[in-house]
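Have a look at the structure below, then the notes.
Lettering of chains follows the sequences in order, A, B, ..., and the numbering in each one begins at 1.
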Number of protein chains: 2
Amino acid sequence: MSIFASKIKTMTLTQRINPEKLEHAASMLRVLSHPVRLAIVDLLFTNGPLSVQEIQEKLGLEQAIASQHLILMKDKGVLSSVKEGRCHYFSLLYPNMKNIIHCLEECCNA
Amino acid sequence: MSIFASKIKTMTLTQRINPEKLEHAASMLRVLSHPVRLAIVDLLFTNGPLSVQEIQEKLGLEQAIASQHLILMKDKGVLSSVKEGRCHYFSLLYPNMKNIIHCLEECCNA
DNA sequence: TAAATACATAGAAATATGTCTATATTTGCA
DNA sequence: TGCAAATATAGACATATTTCTATGTATTTA
(Lines give C-alpha, C1' and ligand atoms only; values in the text may rest on other atoms or scores of the structure.)
Protein backbone atom coordinates (compact mmCIF):
# COMPACT_ATOMS: atom_id res chain seq x y z
CA MET A 1 0.00 0.00 0.00
CA SER A 2 1.52 3.25 -1.17
CA ILE A 3 2.06 5.90 1.40
CA PHE A 4 1.26 8.62 -1.08
CA ALA A 5 -1.90 7.12 -2.57
CA SER A 6 -4.93 8.68 -1.01
CA LYS A 7 -8.45 7.35 -1.04
CA ILE A 8 -9.85 10.19 1.00
CA LYS A 9 -8.98 13.44 -0.68
CA THR A 10 -9.63 15.50 2.38
CA MET A 11 -6.86 13.76 4.26
CA THR A 12 -3.50 15.37 3.98
CA LEU A 13 -0.24 13.54 3.48
CA THR A 14 0.59 14.22 7.09
CA GLN A 15 -2.63 12.60 8.20
CA ARG A 16 -2.35 9.59 5.91
CA ILE A 17 1.17 8.46 6.65
CA ASN A 18 3.27 8.44 9.75
CA PRO A 19 5.84 11.16 10.29
CA GLU A 20 8.75 8.72 10.11
CA LYS A 21 7.88 7.60 6.61
CA LEU A 22 7.34 11.15 5.47
CA GLU A 23 10.67 12.18 6.91
CA HIS A 24 12.28 9.21 5.22
CA ALA A 25 10.81 10.19 1.86
CA ALA A 26 12.05 13.73 2.33
CA SER A 27 15.41 12.37 3.34
CA MET A 28 15.74 10.35 0.14
CA LEU A 29 15.09 13.47 -1.90
CA ARG A 30 17.55 15.46 0.15
CA VAL A 31 20.24 12.97 -0.71
CA LEU A 32 19.65 13.56 -4.40
CA SER A 33 19.54 17.31 -4.04
CA HIS A 34 23.24 17.92 -4.59
CA PRO A 35 25.04 18.31 -7.92
CA VAL A 36 27.78 15.86 -7.04
CA ARG A 37 25.32 13.25 -5.83
CA LEU A 38 23.14 13.66 -8.91
CA ALA A 39 26.26 13.07 -10.96
CA ILE A 40 27.04 9.95 -8.92
CA VAL A 41 23.55 8.57 -9.49
CA ASP A 42 23.90 9.21 -13.20
CA LEU A 43 27.35 7.66 -13.34
CA LEU A 44 26.37 4.52 -11.47
CA PHE A 45 23.18 4.12 -13.45
CA THR A 46 25.16 4.22 -16.68
CA ASN A 47 28.28 2.35 -15.64
CA GLY A 48 27.17 -0.03 -12.93
CA PRO A 49 29.19 -0.69 -9.77
CA LEU A 50 32.31 1.43 -9.47
CA SER A 51 35.01 1.79 -6.87
CA VAL A 52 35.50 5.01 -4.95
CA GLN A 53 38.61 5.71 -6.95
CA GLU A 54 36.86 5.24 -10.28
CA ILE A 55 34.02 7.54 -9.23
CA GLN A 56 36.51 10.02 -7.91
CA GLU A 57 38.46 10.06 -11.17
CA LYS A 58 35.50 10.15 -13.51
CA LEU A 59 33.90 13.04 -11.68
CA GLY A 60 37.10 14.87 -10.81
CA LEU A 61 36.54 14.79 -7.06
CA GLU A 62 38.87 14.85 -4.11
CA GLN A 63 39.18 11.47 -2.39
CA ALA A 64 37.60 12.59 0.87
CA ILE A 65 34.74 14.36 -0.90
CA ALA A 66 33.93 11.29 -2.96
CA SER A 67 34.07 9.04 0.08
CA GLN A 68 31.93 11.35 2.17
CA HIS A 69 29.19 11.66 -0.43
CA LEU A 70 29.20 7.92 -1.11
CA ILE A 71 28.94 7.00 2.54
CA LEU A 72 26.15 9.51 3.03
CA MET A 73 24.28 8.05 0.06
CA LYS A 74 24.75 4.57 1.45
CA ASP A 75 23.63 5.59 4.93
CA LYS A 76 20.51 7.18 3.50
CA GLY A 77 19.63 4.08 1.53
CA VAL A 78 20.42 5.25 -1.98
CA LEU A 79 23.53 3.18 -2.62
CA SER A 80 24.80 -0.23 -1.65
CA SER A 81 28.42 -1.31 -1.53
CA VAL A 82 30.45 -4.46 -1.63
CA LYS A 83 34.05 -4.81 -0.58
CA GLU A 84 36.52 -6.66 -2.77
CA GLY A 85 40.04 -6.57 -1.48
CA ARG A 86 40.76 -2.98 -0.70
CA CYS A 87 38.24 -1.62 -3.18
CA HIS A 88 34.72 -0.67 -2.21
CA TYR A 89 32.31 -0.92 -5.09
CA PHE A 90 29.23 1.23 -4.90
CA SER A 91 26.07 0.78 -6.91
CA LEU A 92 22.53 2.09 -6.98
CA LEU A 93 20.30 0.28 -4.54
CA TYR A 94 17.31 1.16 -6.69
CA PRO A 95 18.26 1.80 -10.32
CA ASN A 96 14.77 3.24 -10.75
CA MET A 97 16.03 6.13 -8.71
CA LYS A 98 17.20 7.49 -12.02
CA ASN A 99 13.53 7.91 -12.90
CA ILE A 100 13.22 10.64 -10.34
CA ILE A 101 15.73 12.61 -12.35
CA HIS A 102 13.77 11.80 -15.47
CA CYS A 103 10.58 13.02 -13.83
CA LEU A 104 12.34 16.16 -12.76
CA GLU A 105 13.22 17.15 -16.28
CA GLU A 106 9.76 16.30 -17.56
CA CYS A 107 8.22 18.40 -14.83
CA CYS A 108 10.18 21.54 -15.18
CA ASN A 109 12.66 21.43 -18.04
CA ALA A 110 15.49 21.19 -15.59
CA MET B 1 17.13 18.12 -25.62
CA SER B 2 17.19 16.57 -22.20
CA ILE B 3 20.02 17.50 -19.95
CA PHE B 4 20.12 14.07 -18.47
CA ALA B 5 19.93 12.05 -21.67
CA SER B 6 23.35 10.89 -22.68
CA LYS B 7 24.45 9.69 -26.06
CA ILE B 8 28.03 9.16 -25.02
CA LYS B 9 28.09 6.91 -22.01
CA THR B 10 31.60 7.82 -21.03
CA MET B 11 30.59 11.43 -20.47
CA THR B 12 29.50 12.24 -16.98
CA LEU B 13 26.56 14.42 -16.08
CA THR B 14 28.97 17.14 -15.13
CA GLN B 15 30.56 17.00 -18.54
CA ARG B 16 27.30 16.89 -20.48
CA ILE B 17 25.42 19.77 -18.93
CA ASN B 18 26.45 23.11 -17.57
CA PRO B 19 26.90 23.56 -13.84
CA GLU B 20 24.03 26.05 -13.62
CA LYS B 21 21.50 23.58 -14.94
CA LEU B 22 22.81 20.85 -12.69
CA GLU B 23 22.61 23.13 -9.69
CA HIS B 24 19.09 24.11 -10.71
CA ALA B 25 18.04 20.47 -10.92
CA ALA B 26 19.53 19.82 -7.48
CA SER B 27 17.80 22.92 -6.19
CA MET B 28 14.39 21.70 -7.37
CA LEU B 29 14.91 18.46 -5.48
CA ARG B 30 16.08 20.30 -2.40
CA VAL B 31 12.80 22.19 -2.35
CA LEU B 32 10.88 18.91 -2.24
CA SER B 33 13.12 17.40 0.40
CA HIS B 34 11.16 18.59 3.41
CA PRO B 35 8.17 16.91 5.04
CA VAL B 36 6.07 20.07 5.13
CA ARG B 37 6.83 20.89 1.52
CA LEU B 38 6.04 17.35 0.39
CA ALA B 39 2.73 17.72 2.18
CA ILE B 40 2.11 21.03 0.42
CA VAL B 41 2.80 19.48 -2.99
CA ASP B 42 0.43 16.66 -2.18
CA LEU B 43 -2.26 19.02 -0.91
CA LEU B 44 -2.10 21.34 -3.90
CA PHE B 45 -2.03 18.45 -6.34
CA THR B 46 -5.20 17.07 -4.80
CA ASN B 47 -7.06 20.27 -4.04
CA GLY B 48 -5.88 22.80 -6.60
CA PRO B 49 -5.10 26.43 -5.74
CA LEU B 50 -5.40 27.24 -2.06
CA SER B 51 -4.81 30.33 0.01
CA VAL B 52 -2.09 30.50 2.61
CA GLN B 53 -4.68 30.29 5.32
CA GLU B 54 -6.30 27.20 3.85
CA ILE B 55 -2.94 25.46 3.50
CA GLN B 56 -2.01 26.52 6.98
CA GLU B 57 -5.23 25.15 8.45
CA LYS B 58 -5.26 21.89 6.53
CA LEU B 59 -1.68 21.09 7.45
CA GLY B 60 -1.78 22.50 10.96
CA LEU B 61 1.03 24.97 10.44
CA GLU B 62 1.89 28.28 12.01
CA GLN B 63 1.15 31.22 9.75
CA ALA B 64 4.78 32.29 9.37
CA ILE B 65 5.94 28.74 8.70
CA ALA B 66 3.34 28.25 5.99
CA SER B 67 4.20 31.55 4.38
CA GLN B 68 7.93 30.92 4.50
CA HIS B 69 7.71 27.50 2.87
CA LEU B 70 5.28 28.75 0.22
CA ILE B 71 7.46 31.70 -0.71
CA LEU B 72 10.52 29.47 -0.85
CA MET B 73 8.69 27.06 -3.13
CA LYS B 74 7.59 29.92 -5.34
CA ASP B 75 11.08 31.41 -5.48
CA LYS B 76 12.52 28.06 -6.46
CA GLY B 77 10.03 27.60 -9.26
CA VAL B 78 7.82 24.92 -7.76
CA LEU B 79 4.71 26.99 -7.10
CA SER B 80 2.96 29.93 -8.68
CA SER B 81 0.62 32.33 -6.93
CA VAL B 82 -2.12 34.77 -7.76
CA LYS B 83 -3.43 37.49 -5.52
CA GLU B 84 -7.14 38.03 -5.09
CA GLY B 85 -8.03 40.69 -2.63
CA ARG B 86 -6.03 39.91 0.44
CA CYS B 87 -5.75 36.20 -0.29
CA HIS B 88 -2.77 34.71 -2.05
CA TYR B 89 -3.61 31.53 -3.87
CA PHE B 90 -0.79 29.11 -4.45
CA SER B 91 -0.78 26.26 -6.93
CA LEU B 92 1.68 23.80 -8.43
CA LEU B 93 3.56 25.28 -11.35
CA TYR B 94 4.08 21.78 -12.72
CA PRO B 95 1.44 19.32 -11.51
CA ASN B 96 3.69 16.59 -12.88
CA MET B 97 5.93 17.37 -9.95
CA LYS B 98 3.74 14.92 -8.09
CA ASN B 99 5.25 12.23 -10.30
CA ILE B 100 8.57 12.66 -8.57
CA ILE B 101 6.90 11.57 -5.37
CA HIS B 102 5.33 8.69 -7.22
CA CYS B 103 8.74 7.69 -8.58
CA LEU B 104 10.18 7.93 -5.11
CA GLU B 105 7.80 5.36 -3.71
CA GLU B 106 8.26 3.06 -6.68
CA CYS B 107 12.00 3.28 -6.30
CA CYS B 108 12.35 2.58 -2.68
CA ASN B 109 9.07 1.79 -0.97
CA ALA B 110 9.19 5.12 0.76
C1' DT C 1 -10.77 56.51 9.43
C1' DA C 2 -10.05 52.59 12.54
C1' DA C 3 -9.97 47.88 13.21
C1' DA C 4 -9.52 43.38 11.49
C1' DT C 5 -7.91 40.04 8.11
C1' DA C 6 -4.37 37.80 5.31
C1' DC C 7 0.30 37.60 4.40
C1' DA C 8 5.14 38.81 4.31
C1' DT C 9 9.43 39.76 6.41
C1' DA C 10 13.24 40.71 9.72
C1' DG C 11 16.20 39.03 13.13
C1' DA C 12 17.88 35.66 16.24
C1' DA C 13 19.06 31.09 17.53
C1' DA C 14 19.64 26.23 16.79
C1' DT C 15 20.77 22.73 13.80
C1' DA C 16 22.32 20.74 9.49
C1' DT C 17 25.27 20.60 5.52
C1' DG C 18 29.44 20.94 2.76
C1' DT C 19 34.33 21.27 2.29
C1' DC C 20 38.98 21.04 3.59
C1' DT C 21 43.16 19.16 5.81
C1' DA C 22 45.14 15.77 8.11
C1' DT C 23 45.24 11.28 9.86
C1' DA C 24 43.59 6.54 10.71
C1' DT C 25 42.30 1.94 9.05
C1' DT C 26 42.32 -1.97 6.18
C1' DT C 27 44.27 -4.82 2.78
C1' DG C 28 47.62 -6.49 -0.63
C1' DC C 29 52.20 -7.25 -1.81
C1' DA C 30 57.46 -7.14 -1.99
C1' DT D 1 57.56 -7.32 8.44
C1' DG D 2 57.15 -3.01 6.21
C1' DC D 3 55.38 -0.18 2.60
C1' DA D 4 51.90 1.34 -0.59
C1' DA D 5 47.16 1.58 -2.12
C1' DA D 6 42.23 2.35 -1.23
C1' DT D 7 39.15 4.14 1.63
C1' DA D 8 37.26 6.05 5.94
C1' DT D 9 37.13 9.30 9.56
C1' DA D 10 37.98 13.27 12.71
C1' DG D 11 38.09 18.06 13.46
C1' DA D 12 37.60 22.67 12.13
C1' DC D 13 35.29 26.03 9.69
C1' DA D 14 32.00 28.37 6.73
C1' DT D 15 27.54 28.46 5.03
C1' DA D 16 22.73 27.07 4.65
C1' DT D 17 18.38 25.67 6.60
C1' DT D 18 14.70 25.68 9.84
C1' DT D 19 11.99 27.57 13.26
C1' DC D 20 10.39 31.05 16.31
C1' DT D 21 8.86 35.64 17.77
C1' DA D 22 7.72 39.87 16.64
C1' DT D 23 6.51 43.30 13.52
C1' DG D 24 5.35 45.31 9.00
C1' DT D 25 2.25 45.84 4.89
C1' DA D 26 -1.73 45.63 2.08
C1' DT D 27 -6.62 45.11 1.76
C1' DT D 28 -11.29 44.87 3.24
C1' DT D 29 -14.97 46.28 6.08
C1' DA D 30 -17.42 48.54 9.87
Side-chain angles (χ1 to χ4, degrees), chain A residues 13-14 19-20 22-41 43-44 47 49-91, chain B residues 13-14 19-20 22-41 43-44 47 49-91:
Chain A
L13 193 56
T14 322
E20 290 74 24
L22 185 57
E23 176 51 53
H24 179 247
S27 162
M28 297 293 283
L29 287 174
R30 203 174 305 129
V31 174
L32 299 184
S33 70
H34 188 285
V36 166
R37 297 196 290 263
L38 278 179
I40 289 173
V41 169
L43 184 67
L44 293 178
N47 296 51
L50 295 175
S51 69
V52 177
Q53 197 192 24
E54 290 170 319
I55 293 167
Q56 175 184 337
E57 286 172 356
K58 287 184 189 267
L59 299 182
L61 304 172
E62 293 293 316
Q63 185 271 318
I65 295 289
S67 179
Q68 285 159 355
H69 281 296
L70 290 166
I71 288 170
L72 174 69
M73 293 171 85
K74 184 182 175 184
D75 285 349
K76 297 297 184 178
V78 173
L79 302 183
S80 63
S81 74
V82 293
K83 198 171 169 183
E84 285 182 19
R86 37 187 180 189
C87 289
H88 289 197
Y89 290 92
F90 285 85
S91 53
Chain B
L13 193 57
T14 321
E20 289 75 22
L22 186 56
E23 175 52 53
H24 178 248
S27 163
M28 297 293 284
L29 287 173
R30 203 173 306 129
V31 175
L32 299 184
S33 70
H34 188 286
V36 167
R37 296 195 291 263
L38 280 178
I40 289 173
V41 169
L43 183 66
L44 293 179
N47 296 51
L50 294 175
S51 69
V52 177
Q53 197 193 23
E54 288 170 321
I55 293 167
Q56 175 184 336
E57 284 172 357
K58 286 185 189 267
L59 299 181
L61 303 173
E62 293 293 317
Q63 185 270 319
I65 295 289
S67 179
Q68 284 159 357
H69 282 297
L70 290 167
I71 288 169
L72 174 69
M73 294 170 84
K74 185 182 175 184
D75 285 348
K76 297 297 186 178
V78 173
L79 302 183
S80 62
S81 73
V82 292
K83 195 172 171 183
E84 285 182 20
R86 41 188 177 192
C87 289
H88 289 197
Y89 290 93
F90 284 85
S91 53

Flag side-chain contact, heavy atom, 4.5 Å: [X] against [Y]:
X	Y	result
B:His24	B:Glu20	no
A:Asn47	A:Lys58	yes
B:Ile55	B:His69	no

Gap between atoms [atom1] and [atom2], on [X] and [N] respectively (whole Å):
X	N	atom1	atom2	answer
B:His88	C:dA8	NE2	C1'	8 Å
B:Leu70	C:dT9	CG	C1'	14 Å
B:Gln68	C:dC7	CD	C1'	11 Å
B:Asp75	D:dA16	CG	P	15 Å
A:Lys76	C:dT17	NZ	P	6 Å
B:Gln53	C:dT5	CD	C1'	8 Å
B:Ile65	D:dT18	CD1	P	10 Å
A:Glu23	D:dT18	CD	P	10 Å

Select from A:His34 and A:Lys83 the residue whose nearest nucleotide in DNA chain C is closer to the 5' end of that strand.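 So the residue in question is A:His34.
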Looking only at the side chain of B:Ala64 (C-beta and beyond, no hydrogens), which of the listed nucleotides C:dG18, D:dA22, C:dC7 gets closest?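 Comparing C:dG18, D:dA22, C:dC7 against the side chain of B:Ala64, the answer is D:dA22.
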For A:Ile71, answer base if it contacts any base atom (sugar-phosphate contacts may also be present), sugar-phosphate if it contacts only those atoms, and nothing otherwise; contact means non-hydrogen atoms under 4.0 Å.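 Sugar-phosphate only.
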Across the strands shown, which category fits B:Ala66 at heavy-atom distances under 4.0 angstrom: base, sugar-phosphate, nothing? nothing
In sequence, state the C-alpha distance, the side-chain angles, and the governing distance for B:Leu13 and A:Val41, and then conclude on side chain to side chain contact (heavy atoms under 4.5 Å, CB included). CA-CA 9 Å; B:Leu13 193 57; A:Val41 169; over 6 Å; no
Does B:Glu62, at its CD atom, have more than 12 non-hydrogen atoms belonging to other residues, nucleotides or ligands within less than 6.0 Å?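 Not buried by this count: 12 neighbours or fewer within 6.0 Å.
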Comparing A:Tyr89 and A:Arg30 on DNA chain D - which has the more 5′ nearest nucleotide: A:Tyr89
Is the phosphate of C:dA8, meaning OP1 or OP2, less than 4.0 Å from a side-chain N or O of B:Ser67? yes
Taking only side-chain N and O atoms of B:Arg37, does any of them lie within less than 4.0 angstrom of OP1 or OP2 on D:dT18?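 Affirmative; the distance criterion is met.
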Does A:Gln63 make a side-chain donor-acceptor contact with the base of D:dA8, cut-off 3.5 Å? yes
